[in-house]
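Data block below; observations after.
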Amino acid sequence: MARFTDYREFKTAVGGRLLTLKIGNVAEQANGQCWVQYGD
């Protein structure tokens, strides 16, 4: 099975904290996934 290599990362400030969305770097065999982090 080929590895997914189209990783994307989006960052923006919301309410004084950093909101980060990472798409494509975890759960390679899932139909969809997104890592969301807000602040530290």
Side-chain angles (χ1 to χ4, degrees):
M1 177 177 276
R3 294 179 61 90
F4 184 74
T5 58
D6 189 18
Y7 304 120
R8 298 186 185 259
E9 185 171 328
F10 302 96
K11 294 182 180 182
T12 189
V14 176
R17 293 195 216 170
L18 185 64
L19 175 66
T20 305
L21 302 174
K22 296 180 182 179
I23 302 169
N25 62 348
V26 294
E28 293 176 359
Q29 295 180 358
N31 288 333
Q33 57 81 26
C34 181
W35 181 275
V36 178
Q37 181 176 355
Y38 183 61
D40 292 332

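The analysis underlying the following values was restricted to heavy atoms, covering all of them including side chains, and did not include hydrogens, waters or symmetry mates. Please read these numbers as outputs of a predicted model, since none were measured by experiment.
- Distance check, rounded to the nearest 0.5 Å: NZ of Lys11 to CG of Leu19 gives 11.0 Å.
- Scanning all heavy atoms of the two residues, the minimum distance from Gln33 to Lys22 falls at OE1-O, 4.2 Å.
- Residues Trp35 and Tyr38 are members of separate hydrophobic clusters, defined by side-chain heavy-atom contacts under 4.5 angstrom among Ile, Leu, Val, Met, Phe, Trp and Tyr.
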